[in-house]
J.: 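Here it is, the structure in full.
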Amino acid sequence: MKQQVAVQTLRITRKEEVRYFSLRLPLGVSRIIGIETGLRLLEQDFIVPYITPNNQFILPQSTIAGTLKLQSPGNSNLFYIKEVVKSDASLMQGDFSFTYFTVNYKDQNAPPDFISRNYNAPVSYWKPSPWTHNRLTEEESISFEPSSRIINGLYTDEYGKAMCRDCPYVVSVYIWYETAECKTN
Amino acid sequence: MSKLIKKRFDIAVTQANGSFSKTFDLDKNITHVKGVLLSSDKDDLLYFRGTQKIEINKEEVFPENFESKLLLSGIGVAPNQRYYDIGSVPAGNGTVKIEYKDNPDGRTQYAPYRVSLYLLCQAD
């Protein structure tokens, strides 16, 4: 058995946009073994997670970019549904080196009284980011035997809907599959 | 007796929205490639902007538009688990080709950066 991945990129430009797509898998695919998604913004991101003393121990809600649904023709039902998340807002949870006293007082989004109260606090530039605090990136495991080489997909935008305007971005859908390797004697 | 060795290859990303292709040669005694890892001197740019295609011995291991963020490992990952497991890909003629593409992203401002490709290899 050999594992490979197919990539489909979708450019979303309009609010509440709905995109249908079809992806043709190569010959010899025996099983779909995993799905991954990625997202790239095409404009500046204005939503910056902001931690205050009041919500420091509350899990903030991650911004949902959209809903992805995958179906294989011939199989009656959808085999995969996922809410694509723009970014993980809970990265700093459980990281007690990240406190509002040492990081956020210089944040331009912080209220003025908050800045004045903490102006002399020690500075820490150790800010949690996905490229430091992410867990091991692995595909979401599924096990599905498609009855056809075509995979149909439906992506519905939620981010533009939440922002009440057009928010352009690119979504990448990765479909990991297993192929039976041909053995020649 | 086989042993595991790590190889590092660098690509300089000198232009925003540009493509950079480079081919590297592995040592003659390397028989298989078992893991892949990407890193950079500006992790945020690699995380948000990078996509690449990687071929080992002319066999496509990661296709075009595969995001670099999926091959990055942060400090939250145990050091011994940071390589992306690709099974055991035969090194064959020992050529490793990477086509890296920088894509503009609204969360980052471009500055020249370095992309490092690390390979976990099995050698005789």
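Just so we're on the same page: letters track the sequence lines, and every chain starts at 1.
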J.: CG of A:D157 to CZ of A:R14: how many Å apart, nearest 0.5 Å?
T.: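 If I round to the nearest 0.5 Å, the distance is 10.0 Å.
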
J.: To check you understand the geometry: which heavy-atom pair defines the closest contact between B:R49 and B:A16, and what is its length?
T.: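 Looking at all heavy atoms of both residues, the closest pair is NH2-CB, 3.9 Å.
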
J.: If you count heavy-atom pairs under 4.5 Å between each of B:L70, B:T51, B:I86 and chain A, which one has the most?
T.: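 Ranked by contacts with chain A, first place is B:L70.
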
J.: So, B:F62 versus B:Y84, ring centres under 6.0 angstrom or not?
T.: yes

J.: Using heavy atoms and a sub-4.5 Å threshold, report which of residues 94-124 of chain B line up against chain A, by residue number.
T.: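 Those residues of residues 94-124 of chain B which have a heavy atom under 4.5 Å from chain A are B:N103, B:P104, B:D105, B:G106, B:R107.
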
J.: When you group the ILVMFWY residues by side-chain heavy-atom contacts below 4.5 Å and let the links chain together, are A:I35 and A:L39 in the same group?
T.: yes

J.: Sort B:Y47 into side chain, backbone, both or neither according to what part of it lies under 4.5 angstrom from a heavy atom of chain A.
T.: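 Side chain only.
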
J.: Do A:E36 and A:W176 have side-chain atoms, one donor and one acceptor, less than 3.5 Å apart?
T.: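 The criterion, which ignores hydrogens and geometry beyond distance, is satisfied for A:W176 and A:E36.
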
J.: Just wondering, more than 12 heavy atoms not from A:R11 lying within 6.0 Å of its CZ?
T.: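 Count not over threshold, so no.
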
J.: Determine whether the aromatic ring centres of A:Y155 and A:F21 lie less than 6.0 Å apart.
T.: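 Centroid distance A:Y155-A:F21: not below 6.0 Å, so no.
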
